[in-house]
Amino acid sequence: MDFDQLAEQVDRLTDELLGLEDAAARALGIQLKEAVEAIHREALVRIVRRLKQEESTLAALRELAQDPAVRAILMLHEILRPPPGARVQMALDEVRPYIHSHGGEVELVELQGGTVRLRLAGACQGCPGSQATLRNGVEQALRRHLPELERIELVEDAPASGALISPATIGVAGSPPPPYDPADGWRLALPLAQLAPGVLRRVVVEGGDLILAMVDGRPVCYHNTCAHMAMPLHDGDLSGGVLTCPWHGFAYLIASGECLTAPEVQLEPCPVRVRAGQIEVRV
Ligand code: FES
């Protein structure tokens, strides 16, 4: 059997397992499936972690990841993340059932850097509940799948009859920024001018100890906590776009928070925005 046939067989057997009427047998089968997947994932993580340690083996890993079968398995185990556009679609697919239940629709218009432009249609447009829907549903799903998300913009077909995402909360383009209001959950971090490229800044705000850096002219923000043993990162070395933890050397891509040392972990991002020359963060 080739890879596609094997994958179809797995899908078919999984469907049969989920369709078993005997609940105990079904639960046992699901447990077995999850245990087998977990042990495979653990082994794959160790292989990938080792291959990432040297430039020559990293090149081999990149080449392997081009193979459709290897790529599919690494994605299945969330070791290799799908491209950003696919991850946005995964996030929207998660929240669509809820939006559909309110007679609405949401679709991706454009993804540019860390900015996601969405179009809402149907009953969602102008619906008083939409703002909460988006903030609590779409935004959270997007942040789970796209940690590098910086901004959500709403695109409407007709002239705006009411912003579905509050400009104060998300930062819809073209809206004048309202005055700083700590009650909305955003916190002043530091003036934009004080965040030089290539420099790591620590900022402690109400509710959070954070690190900030400038990436391609945009600030990024993470919790000041290493994913290895939760030690602070602010004394780490930031060079070539890689932040290295001062304690045991875990390395992270500062642009995305992705961990190069252990691919299964990453830095925890914080929403960040710039208004009136000030960097604001939401913890
Ligand atoms: S705490 Fe950062 S590498 Fe161990």
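For reference, positions follow the sequence shown, starting with 1. Predicted model, so just to flag it, every value in this text is computed and none were measured. Both ligands and their constituent atoms are indexed starting at 1 by order of listing.
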Student: Do V281 and L188 make a side-chain contact, defined as non-hydrogen atoms from C-beta onward lying under 4.5 Å apart?
Tutor: no
Student: Going by heavy atoms in the side chains, are L210 and V204 under 4.5 Å from each other?
Tutor: no
Student: What class does the angle between the rings of F250 and H228 fall in, given that below 30° is parallel, 30 to 60° is tilted and above 60° is perpendicular?
Tutor: parallel
Student: I'd like to verify the contacts: list protein N, O or S atoms under a distance of 2.8 Å from atom 2 (Fe) of ligand 1.
Tutor: C226 SG, C245 SG
Student: If Ile, Leu, Val, Met, Phe, Trp and Tyr residues are connected whenever their side-chain heavy atoms lie under 4.5 Å apart, and connections chain through other members, are L243 and L260 in the same group?
Tutor: no
Student: Between the side chain of Y222 and the main-chain N/O of L212, is any donor-acceptor distance below 3.5 Å?
Tutor: no
Student: When clusters are formed from ILVMFWY side-chain contacts under 4.5 Å, directly or step by step, what else is grouped with M90?
Tutor: none
